[in-house]
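In what follows, a structure is listed as structure tokens, so that the remarks can point back to it.
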Amino acid sequence: MSQTPIAFELFNEIGIIDQLAGTILERSLPNGMTRAQFAVLNHFVRLGHHEQSPAQLANAFQVTRPTMTSTLSRLARDGLVAIRDDPADGRAKLVSLTPQGRAAREAAIAAVATVLPLLDGILDPGEVETILPILRRLRIALDAARD
């Protein structure tokens, strides 16, 4: 019987946590907002991007361009992002967050905050402070390795 590599066990746990936490997140998002839509809004605010192309966003989220186009179309329909022609390339588009998109992100964070006390019974603040830098370091390394 072979032993499962510990790195696989780590990725397996992260994957399961992602599924469970993603479900909790999506159920608490307001107005039928999807996890993918929230992720795009959060991406713009978290990283401070003014504009990005759909291709850049697809790359950042590691999804296909058609998948990202679908998400962006729904966000644009709801006035949460603006999509305009790229003046440097007539075939390309540029996406930016609207004030309504920023407000929707803040409303989503407020809605999600109502389920965050769930963590209080699982991890104490000291454990979170210990784990967070390690997870951040792992994310940064994996992000750099994909490019």
Side-chain angles (χ1 to χ4, degrees), residues 4-87 92-147:
T4 305
I6 195 156
F8 175 81
E9 289 186 31
L10 174 67
F11 282 165
N12 191 50
E13 290 299 323
I14 291 170
I16 294 167
I17 290 167
D18 177 57
Q19 289 173 337
L20 296 168
T23 298
I24 291 169
L25 171 74
E26 191 145 9
R27 286 180 181 163
S28 61
L29 290 172
N31 303 325
M33 181 183 291
T34 67
R35 184 178 176 190
Q37 291 167 336
F38 172 74
V40 170
L41 301 178
N42 192 53
H43 176 81
F44 274 99
V45 174
R46 185 175 70 84
L47 297 177
H49 291 305
H50 175 64
E51 286 185 315
Q52 285 201 293
S53 71
Q56 289 171 314
L57 289 165
N59 182 54
F61 288 97
Q62 297 187 331
V63 298
T64 65
R65 288 184 187 187
T67 296
M68 182 54 65
T69 297
S70 175
T71 299
L72 294 174
S73 294
R74 285 179 276 145
L75 287 169
R77 178 198 66 211
D78 294 339
L80 304 180
V81 299
I83 302 173
R84 68 180 184 95
D85 292 336
D86 183 343
K93 303 287 184 193
L94 292 173
V95 180
S96 60
L97 188 63
T98 65
Q100 296 90 342
R102 185 173 295 276
R105 182 232 184 218
E106 297 308 316
I109 289 175
V112 169
T114 64
V115 298
L116 295 181
L118 171 68
L119 284 179
D120 293 342
I122 301 168
L123 299 172
D124 67 52
E127 288 174 313
V128 174
E129 288 177 15
T130 299
I131 294 169
L132 195 54
I134 296 166
L135 292 175
R136 193 170 284 132
R137 191 173 78 229
L138 178 60
R139 176 191 43 86
I140 290 167
L142 292 174
D143 193 37
R146 75 183 171 111
D147 296 331

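Along the sequence shown, the residues carry numbers beginning at 1. Both backbone and side-chain heavy atoms feed into the values below; hydrogens, waters and symmetry mates do not.
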Legend entry - Within residues 124-137 or reaching into it, pairs that qualify as side chain to side chain donor-acceptor pair (under 3.5 Å) - sequence neighbours excluded: none
Inset, instruction - Can you sort out the partners of Glu9 under side chain to side chain contact (heavy atoms under 4.5 Å, CB included), two or more places apart, ordered by chain and number? - result: Thr4
Legend entry - Residue pairs fulfilling ring pair (Phe, Tyr, Trp, His ring centres under 6.0 Å) with at least one residue in residues 93-122, sequence neighbours excluded: none
Inset, instruction - Not counting sequence neighbours, which residues clear salt bridge (charged side-chain N to carboxylate O under 4.0 Å, His left out) with Asp18? List them please. - result: Arg35
Inset, instruction - Just jot down the side chain to side chain contact (heavy atoms under 4.5 Å, CB included) partners of Ala82, sequence neighbours excluded, or say none. - result: Ser96, Thr98
Inset, instruction - Report the residues that fulfil side chain to side chain contact (heavy atoms under 4.5 Å, CB included) with Ala111, sequence neighbours left out, ordered by chain and then residue number. - result: Pro30
Legend entry - Listed partners of Glu51 passing salt bridge (charged side-chain N to carboxylate O under 4.0 Å, His left out), at least two apart: Arg84
Inset, instruction - Name all residues meeting the ring-ring contact (aromatic ring centres under 6.0 Å, His included) criterion together with Phe61; count only those two or more places apart in sequence or in a different chain, and write none if there are none. - result: His43
Inset, instruction - Please identify each residue that fulfils side-chain hydrogen bond (donor to acceptor under 3.5 Å, both in side chains) with Thr23, with sequence neighbours left out. - result: none
Inset, instruction - Among residues two or more places apart or on two chains, list those pairs meeting salt bridge (Lys or Arg N to Asp or Glu O under 4.0 Å) that have a residue in residues 93-115. - result: Asp85-Lys93
Legend entry - With Thr64 via side chain to side chain contact (heavy atoms under 4.5 Å, CB included) - residues at least two apart: Pro66, Thr67
Inset, instruction - Can you run down the side chain to side chain donor-acceptor pair (under 3.5 Å) pairs that involve residues 70-83, sequence neighbours left out, and say none if there aren't any? - result: Ser70-Arg74
